[in-house]
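Here the structure is laid out as structure tokens; the discussion comes afterwards.
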Amino acid sequence: MGSAILNSIAPEEPKVVVPEYGETADIQDKEVSMEQLCSISTYDQWTPLSVSGQLPKPRYKHGAVVIQQKMYVFGGNHNGRYLGDIQVLDFKTLSWSKLEAKSQAEPSESAGAVPFSACAGHSVIQWGNKILCLAGHTREPAESLSVKEFDPQTCTWSTLRTYGRSPSSRGGQSVTLVGDTLVVFGGEGHGRSLLNDLHILDLETMTWDEFETTGTPPSPRSEHAAACFAERYLLIFGGGSHSTCFSDLHLLDTQTMEWSRPKQQGVTPESRAGHAGVTIGEYWFITGGGNSRKGVSDTLVLNLSTYEWSVLTNLEARAPPGSSLVMHTINGENFLVSFGGYSGRYSNQAYALKASLKPSVPSQQINESDTNGFSPLSVAENSSRKVIFEIEELKDEKPGNRADNSKTLGQVVMVEQNEIENRLNQEHLQSLRLKQELTGLENRNAELTEELHLVQDQLSIEQTRASKFENEISDIQQRLQKMDTLEKEIESLRYELDSTVSEEESSSGNELHRSRGFWRWNG
């Protein structure tokens with residue numbers, strides 16, 4: 001970060017001294033309180049905050065969330081090393097402190113006590129009075145993504161038990177709270193593989209689901225920004241791959257699970273990755289980030305009702321790439337607070353911006369006496385954009401009294417509700433049919449598999465019998481060859497025997513003639 005630009009800041013400002021890690025910040029006015037935020041009179045300009053206490057180690061790619069008037073900062077990266085500390089900025093005193101997390105003494109059946117592992121590129125989400133931490137790059141990455149819970153009251157970490165198929169581990173993803181669910185998109189997984197898969201965790205049942213979507217999803221990316229609008233629409237902006245950064249805007253309707261590219265208006269945003277975003281009503285504030293050429297200096301605002309981009313401030317970047325961004329409301333004013341980041345140098349400075357834009361639906365306020373003036377902004381639930389457009393058209397085409405407009409509005413809402421219910425019923429029936437077909441196919445597959453195993457067994461038996469027959473035939477052939485040899489030997493013996501008999505008969509005849517002559521001579 002360069003030197004601070006203070007031209008457009010209120011004239012009476014405390015002196016800002018940014019010490020190195022391990023030192024304590026010197027503050028001109030020792031009685032520092034949250035009145036410093038209220039003293040910011042200029043809208044839409046970043047103002048460095050004067051803080052006390054020991055400053056956190058400079059970092060980027062950390063996680064930050066606000067709960068009970070305190071900003072909790074978890075982990076991050078400094079000089080290529082993962083951090084595992086928990087730093088807290090108390091907005092009542094604007095003082096930093098470091099928390100030492102404890103182990104849960106008696107882990108419940110659904111959670112086990114664990115320490116906070118050093119990581120970067122993770123996501124932290126406020127859920128009630130607890131803080132959820134998901135994913136992130138670690139020294140020893142796991143196979144699947146785990147969900148950890150931090151209790152600020154007891155200062156303990158625990159790992160929540162989830163059901164279903166957990167997403168693969170990753171970092172640089174986006175995790176967005178949509179109603180009672182967490183929507184995980186993209187990131188960088190094992191082997192630096194970029195992802196564009198979508199996973200949804202039901203926080204009521206703690207069950208993971210991976211949904212099939214229609215339309216064209218965003219390309220695989222990490223370090224993008226995501227936001228939820230009207231408790232229904234998920235928006236993805238920017239991010240980067242290994243070779244480029246993006247400036248595209250994608251929208252997912254979580255009811256129809258269809259991706260689309262909304263038509264944008266206003267200024268054209270620069271491509272960026274490592275930026276941070278926060279919503280105030282229908283306004284989405286984007287700050288920080290950078291691309292392959294430079295760090296991006298502007299702070300953007302997107303009107304989520306019209307998709308119109310505008311530049312809030314174009315001064316020197318107060319939120320470098322990898323910084324965190326949170327929002328608070330005090331006395332009806334909305335403040336953005338940025339911390340950390342990296343722009344050639346790691347930062348541990350906190351900045352605040354007083355936003356001039358006000359949501360069309362006022363957020364619910366909490367009495368200052370109960371919360372010392374601080375409360376997280378509660379975004380009111382917005383109706384469907386399609387219904388709003390139809391109402392505006394009816395007002396333009398059919399002007400009338402209030403009763404007629406109310407009646408027409410009720411009819412439009414009823415028609416829209418009936419269409420949605422019919423569509424849901426059709427989708428439900430189609431889902432049931434597909435499940436039945438899938439069950440039938442699975443049963444048929446099981447039957448065919450069993451038949452195949454039977455045929456393979458029978459074939460194996462026949463092959464064994466054939467082998468035995470071949471061996472028997474070979475034995476018979478050998479025996480036949482031996483019989484031929486024996487027959488030849490027998491023929492030879494018969495021939496010799498016949499010859500011997502013939503010779504003996506001939507010899508016997510000669511002797512008989514001789515004996516007759518002798519007796520005849522003597523007689």
Inset, instruction - Output yes when a side-chain donor or acceptor of Gln349 lies under 3.5 Å from a complementary backbone atom of Pro58, and no otherwise. - result: no
Inset, instruction - Indicate yes or no for a side-chain donor-acceptor contact from Tyr346 to the backbone of Asn79 under 3.5 Å, with no hydrogens or angles considered. - result: yes
Inset, instruction - Check whether any side-chain N or O of Asn77 sits under 3.5 Å from a backbone N or O of Lys61 as a donor-acceptor pair, and report yes or no. - result: no
Legend entry - Closest non-hydrogen atom pair, Val124 against Ala64: CG2-N, 3.3 Å
Legend entry - Whether Trp157 and Phe74 hold their rings parallel, tilted or perpendicular, with breakpoints at 30° and 60°: perpendicular
Inset, instruction - Determine the minimum heavy-atom distance between Cys245 and Gly290, stating which atoms define it. - result: SG-O, 3.9 Å
Legend entry - Closest contact, heavy atoms only, Ser169 versus Pro141: OG-CB, 4.5 Å
Legend entry - Gap between atom NZ of Lys98 and atom CD of Gln87 - 0.5 Å precision: 6.0 Å
Legend entry - Atom NE2 of His190 with >12 non-hydrogen neighbours under 6.0 angstrom: yes
Inset, instruction - Decide yes or no for Pro152 and Ile67: does some side-chain heavy atom of the first lie under 4.5 Å from some side-chain heavy atom of the second? - result: yes
Inset, instruction - State whether a side-chain donor-acceptor pair under 3.5 Å links Thr181 with Asp202. - result: no
Legend entry - Donor-acceptor pair between Ser123 and Gln173 side chains, under 3.5 angstrom: yes
Inset, instruction - Report yes or no: does Arg293 contribute a side-chain atom to a donor-acceptor pair with the main-chain N or O of Asn291 at less than 3.5 Å? - result: no
Inset, instruction - State the CD1-CD distance between Ile420 and Glu427, to the nearest 0.5 angstrom. - result: 12.5 Å
Inset, instruction - Using modelled atom types only, decide if a donor and an acceptor are shared between the side chain of Thr254 and the backbone of Arg232 within a distance under 3.5 Å. - result: yes
Legend entry - Any donor-acceptor N/O pair, Lys130 side chain to Glu149 backbone, under 3.5 Å: no
Inset, instruction - For residues Trp208 and Leu145, determine if any side-chain heavy atom of one lies less than 4.5 Å from a side-chain heavy atom of the other. - result: yes
Inset, instruction - Any chance you could measure Met206, atom CE, to Leu160, atom CG, to the nearest 0.5 Å? - result: 4.5 Å
Inset, instruction - Return the minimal non-hydrogen interatomic distance between Gly288 and His275, and the atom names on each side. - result: O-CB, 3.4 Å
Inset, instruction - Begin with the C-alpha distance, continue with both residues' side-chain angles, and end with the deciding distance and a verdict on side-chain hydrogen bond (donor to acceptor under 3.5 Å, both in side chains) for Tyr43 and Glu333. - result: CA-CA 10 Å; Tyr43 286 96; Glu333 299 288 353; 2.9 Å; yes
Inset, instruction - Using a cut-off of 6.0 Å, state whether more than 12 heavy atoms not belonging to Lys294 lie near its atom NZ. - result: no
Inset, instruction - Flag yes if more than 12 heavy atoms outside Glu143 fall under 6.0 Å of its CD atom; otherwise flag no. - result: no
Legend entry - side chain to side chain contact (heavy atoms under 4.5 Å, CB included) between Leu132 and Val175, intermediate numbers included: CA-CA 10 Å; Leu132 302 180; Val175 179; over 6 Å; no
Inset, instruction - If the plane angle is over 60° it's perpendicular, under 30° parallel, otherwise tilted; pick one for Trp284 and Phe237. - result: perpendicular
Legend entry - Inter-residue atom distance Leu203.CG - Leu182.CG, 0.5 Å rounding: 4.0 Å
Legend entry - Within-4.5 Å side-chain heavy-atom neighbours: Ser271 and Thr244: no
Legend entry - Exceeds 12 heavy-atom contacts within 6.0 angstrom, atom CZ of Arg261: yes
Legend entry - Side-chain heavy atoms of Ile236 within contact of Phe246, under 4.5 Å: no
Inset, instruction - Calculate, to the nearest 0.5 Å, the distance between atoms CG and CD belonging to Asn303 and Gln265 respectively. - result: 9.0 Å
Legend entry - Nearest heavy-atom neighbours spanning Met327 and Ile280: CG-CD1, 3.8 Å
Inset, instruction - Could you tell me how the ring of Phe185 sits relative to the ring of His224: parallel (under 30°), tilted (30 to 60°) or perpendicular (over 60°)? - result: perpendicular
Legend entry - Sidechain-backbone polar pair: His137 side chain, Ala120 backbone, donor-acceptor under 3.5 Å: no
Inset, instruction - Return the orientation label for the Phe339 and Trp96 ring planes: parallel under 30°, perpendicular over 60°, tilted otherwise. - result: tilted
Legend entry - Closest non-hydrogen atom pair between Ser144 and Ser166, with its separation: CB-CB, 4.0 Å
Inset, instruction - List the steps and the verdict of side chain to side chain contact (heavy atoms under 4.5 Å, CB included) for Thr287 and Leu353. - result: CA-CA 11 Å; Thr287 187; Leu353 180 145; over 6 Å; no
Legend entry - Phe285 side chain reached by Thr279 side chain, heavy atoms, under 4.5 Å: no
Inset, instruction - Taking the side chain as every heavy atom from C-beta outward, state whether Asp90 and Ser97 have any atom pair closer than 4.5 Å. - result: no
Inset, instruction - Report yes if some heavy atom in the side chain of Val326 is under 4.5 Å from a heavy atom in the side chain of Gln126; otherwise report no. - result: no
Inset, instruction - Give a yes or no answer on whether the side chain of Glu308 reaches the backbone of Gly266 with a donor-acceptor pair at less than 3.5 Å. - result: no
Legend entry - Evaluation steps, side chain to side chain contact (heavy atoms under 4.5 Å, CB included), between Phe229 and Ser305: CA-CA 9 Å; Phe229 179 61; Ser305 297; 3.8 Å; yes
Inset, instruction - Would you indicate whether the side-chain heavy atoms of Leu99 and Phe150 approach each other to under 4.5 Å? - result: yes
Inset, instruction - Kindly indicate, with the supporting measurements, whether the criterion side chain to side chain contact (heavy atoms under 4.5 Å, CB included) is fulfilled by Asn348 and Arg59. - result: CA-CA 7 Å; Asn348 61 352; Arg59 68 193 67 203; over 6 Å; no
Inset, instruction - Give, for atom OG of Ser310 and atom CG of Leu312, the distance between the pair rounded to the nearest 0.5 Å. - result: 7.0 Å
Inset, instruction - Step by step, work out the side-chain hydrogen bond (donor to acceptor under 3.5 Å, both in side chains) result for Arg221 and Ser219. - result: CA-CA 6 Å; Arg221 65 190 63 199; Ser219 59; 3.0 Å; yes
